[in-house]
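What you see is a predicted model; the values in this text were computed from it and never measured.
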Amino acid sequence: MNTFLLILLFAAISFLDYRHLMRTKDKKGFIVYTSILALAFVITQLHLLGFKVPGLNQFVTFIVNLFI
């Protein structure tokens with residue numbers, strides 16, 4: 001049931017946003033937005049399935065430590 005609600009939520013969000021992206025005909029923005037939305041969907045689905053998903057601050061800390 002959680003997966004169905006998650007799909008419904010992401011479908012509603014993408015419908016609202018894709019409508020605007022189709023009007024502007026911005027292909028690069030469409031690709032970037034779709035990839036970010038897909039990544040958010042996968043991370044959320046993994047969390048719902050019980051996998052331990054690291055937080056965003058851990059990713060940022062790791063990237064910052066690479067450059068320091």
Side-chain angles (χ1 to χ4, degrees):
M1 185 67 179
N2 286 338
T3 301
F4 176 72
L5 292 175
L6 181 67
I7 291 171
L8 191 64
L9 175 69
F10 272 83
I13 290 171
S14 63
F15 176 72
L16 293 173
D17 290 336
Y18 283 144
R19 214 173 46 185
H20 174 69
L21 284 173
M22 289 299 178
R23 282 189 200 139
T24 60
K25 303 209 187 287
D26 183 19
K27 291 185 183 198
K28 290 180 184 177
F30 182 78
I31 292 170
V32 169
Y33 181 78
T34 302
S35 62
I36 291 172
L37 191 68
L39 180 66
F41 178 79
V42 168
I43 290 173
T44 307
Q45 182 64 29
L46 287 174
H47 178 71
L48 285 176
L49 291 175
F51 290 95
K52 186 176 188 292
V53 180
L56 181 62
N57 60 344
Q58 292 173 338
F59 288 121
V60 172
T61 303
F62 176 75
I63 292 171
V64 167
N65 287 335
L66 285 176
F67 293 110
I68 293 178

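Applying the side chain to side chain donor-acceptor pair (under 3.5 Å) test to residues at least two apart or on different chains, the pairs with a partner in residues 33-43 are Asp17-Tyr33, Tyr18-Thr34.
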Distance-only donor-acceptor hits, side chain of residues 38-47, under 3.5 Å, sequence neighbours excluded:
unit_1 : atom_1 : unit_2 : atom_2 : d
Thr44  : OG1    : Ala40  : O      : 2.7
Gln45  : NE2    : Thr3   : OG1    : 3.1

Side chains of residues 50-57: which donor-acceptor pairs under 3.5 Å do they make with residues two or more places apart or in other chains?
none

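Residues Ile68 and Val60 share a single hydrophobic cluster, defined by chaining ILVMFWY side chains whose heavy atoms lie under 4.5 Å apart. Clustering ILVMFWY residues whenever any of their side-chain heavy atoms sit less than 4.5 angstrom apart, transitively, puts Leu37 in a cluster other than the one holding Ile31.
If you take CG on Leu9 and OG on Ser14, they are separated by 9.5 Å, rounding to the nearest 0.5 Å.
The other members of the hydrophobic cluster of Ile36, by chain and number, are Val32 (side-chain heavy atoms under 4.5 Å, ILVMFWY only).
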